[in-house]
Amino acid sequence: MVIKPTGYALWEKMQRALDGLFKATGHVNAYFPLFIPKRYLEKEAEHVEGFAKECAVVTHHRLVAKPDGNGLMPDPKAALGDEEMLVIRPTSETIIWRTYKEWIQSYRDLPLLINQWANVVRWEMRTRLFLRTAEFLWQEGHTAHASQKEAEEETHQMVEVYRRFAEEWMAMPVLVGPKTDGQKFPGAIYTLCIEAMMQDGKALQAGTSHFLGQNFAKAFDVTFQNVQNQQEHAWATSWGVSTRLIGGLIMTHSDDNGLVIPPRLAPLHVVICPLGRNDAERGPSIAAAEKLAEELRALPRDEFFGYEPISVKIDKTFDKQPGYRYAEYELRGVPVRVEIGPKDIEKAACAVARRDVPGKDGKQFGIPLAGAAAHISDLLRAIQLALFERAKAYRDAATVTANTLDEFKAFFPLEKDDETGTQPLKFVYAHWDGTAETEEMVQQQYKATIRCLPFHGPTEPGTCIFTGKPSARRVVFARAY
RNA sequence: CGGGGUGUAGCUCAGUUUGGUAGAGCGCCUGGUUUGGGACCAGGAAGUCGUCGGUUCGAAUCCGGCCACCCCGACCA
């Protein structure tokens with residue numbers, strides 16, 4: 001996976017915001033090895049089964065020239081034995097819990113609240129840009145606790161951190177709740193997730209927080225002495241979000257004119273385009289642009305922008321047409337564009353365009369330069385809110401209830417209907433009997449999966465629309481990425 | 001791994017049916033004119049036609065092997 005500078009700048013903004021939220025909840029960062037001994041992975045039964053089929057395996061530690069002199073081959077003498085063989089981490093529970101064994105002796109060593117920013121590799125059969133790449137960047141939190149209660153509180157706290165990040169920073173509304181047993185993390189007791197809807201109506205799992213019980217502590221023999229002088233296995237959680245979020249952000253907000261980046265995560269908040277046909281006209285435009293840029297950068301910093309200054313660029317590519325310059329920054333998703341030309345200078349004003357309303361419609365002329373900085377700062381906050389409200393309205397409008405199997409089928413057509421085109425997909429609330437068999441059948445037949453059992457959703461009991469058996473509550477079905 | 005498809009200039013592709021010595025648009029470079037929503041004119045650079053072999057006087061084009069990539073399916077943060 002190659003992430004070019006603009007995309008990476010977006011990831012850095014995400015990292016900074018998330019890292020702040022992790023630190024604010026008492027977590028610290030550390031780093032663990034990329035290579036995991038294969039035998040570690042074998043220790044937790046469900047975990048092995050979940051990840052074994054997508055591991056890159058290191059079998060040799062040296063290359064030598066081929067006998068015919070053309071190219072290189074692994075040196076047979078440098079083969080790693082079964083006990084030495086390594087895998088490239090698909091996730092780090094095993095190596096981290098092997099390490100925690102050394103770190104944890106007493107209840108006084110707990111809780112251990114550690115996060116790691118890293119890359120992982122999962123050998124997927126088919127990749128999809130940003131959403132499913134063989135290598136991806138992520139953070140993985142791994143915590144150890146002295147009690148089940150505390151570990152479960154941590155699991156809930158972290159999914160709430162993810163919800164806040166998704167909604168308040170990415171402006172991406174999410175459903176929050178547990179996965180079904182069939183969809184939970186391999187090795188977890190349960191998995192909580194945030195689940196977002198993309199503009200095609202498909203669901204994107206955007207973050208997960210797992211309660212791991214004592215599974216890994218038992219697998220790696222991690223015990224501590226409690227206040228009563230007894231040995232006890234530690235309780236675990238793990239939680240993560242990845243560069244998949246970049247894909248989620250793009251697919252939540254962007255339009256036909258290009259990227260739309262919510263202001264709180266935009267690497268560049270404001271671009272100012274001075275205009276003019278010759279040096280005599282450009283001079284005053286540039287001077288006004290520089291003054292406005294300074295005023296924007298000098299605005300008081302606050303929590304909204306992570307206590308960082310508003311980021312401003314002055315675009316002086318006069319050899320390009322103005323229309324070209326506007327389109328270029330729209331394509332790149334810069335939230336606010338300011339135009340200052342001779343006509344504005346006459347009136348001591350400028351034109352301000354908001355990216356969430358594409359094209360000329362989002363442009364307002366005659367904003368006085370005197371109060372422009374404050375106006376733009378307010379506008380950035382308004383855009384952040386508008387993006388969230390728009391995405392939420394979109395999702396809610398595309399959320400439906402199915403009370404019969406026929407209704408359900410209609411929401412998940414199996415073949416593209418050439419008459420009507422592909423109809424947008426939906427989040428479908430329906431009753432389900434709670435069994436893995438039914439869930440499996442629905443996935444096979446309708447290519448829809450249960451995304452989660454949302455905490456804030458209908459909870460009345462009913463009858464499973466697939467089997468007629470009793471259902472404890474409605475769950476959310478959707479096609480997923 | 002099964003089914004389908006595609007490899008020709010930096011990008012998107014035409015040319016392959018019917019063999020005759022390499023094309024377009026966009027992008028790039030130079031000069032000029034333009035400049036408030038993706039400008040115009042002139043000139044220019046740029047391709048072992050995926051690869052190896054075969055047929056032929058002659059192959060991007062016909063035949064065979066190989067490789068790579070894309071789409072659909074099984075798998076999945």
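Across all strands shown, C40(B) pairs with G32(B); the Watson-Crick or G-U wobble distances both stay below 3.5 Å.
In terms of position on RNA chain B, the residue among Tyr324(A) and Arg451(A) whose nearest nucleotide sits closer to the 5' end is Tyr324(A).
When the side-chain nitrogen and oxygen atoms of Gln321(A) are compared with OP1 and OP2 of A39(B), one or more of them lie within a distance under 4.0 Å. The shortest distance between the side-chain N/O atoms of Lys320(A) and the OP1/OP2 oxygens of G37(B) is not below 4.0 Å.
Using a 4.0 Å heavy-atom distance criterion, Arg325(A) is classed as making no nucleic acid contact. Contact annotation for Gly359(A): base contact, defined as any heavy-atom pair under 4.0 Å involving a base atom. Residue contacts shown for Lys53(A) are limited to sugar-phosphate atoms, with no base heavy atom under 4.0 Å away. As judged by a 4.0 angstrom heavy-atom cut-off over every strand, Phe185(A) is placed among residues making no nucleic acid contact.
Among C75(B), G37(B), A77(B), the nucleotide with an atom closest to any side-chain atom of Gln205(A) is A77(B).
Rounded to the nearest 0.5 angstrom, Glu140(A) CD and Phe32(A) CZ are separated by 9.0 Å.
For the residue pair Ser311(A)/His269(A), the side-chain donor-acceptor check at 3.5 Å is not satisfied.
For the pair Arg355(A) and Tyr329(A), the cation does not sit on the ring face, since its NZ or CZ is not both under 6.0 Å from the ring centre and inside 45° of the axis. Geometrically, Arg337(A) engages Tyr326(A) in a cation-pi contact defined by less than 6.0 Å to the ring centre and at most 45° from the axis.
Comparing U48(B) with G44(B), their C1' atoms sit 23 Å apart, to the nearest whole Å.
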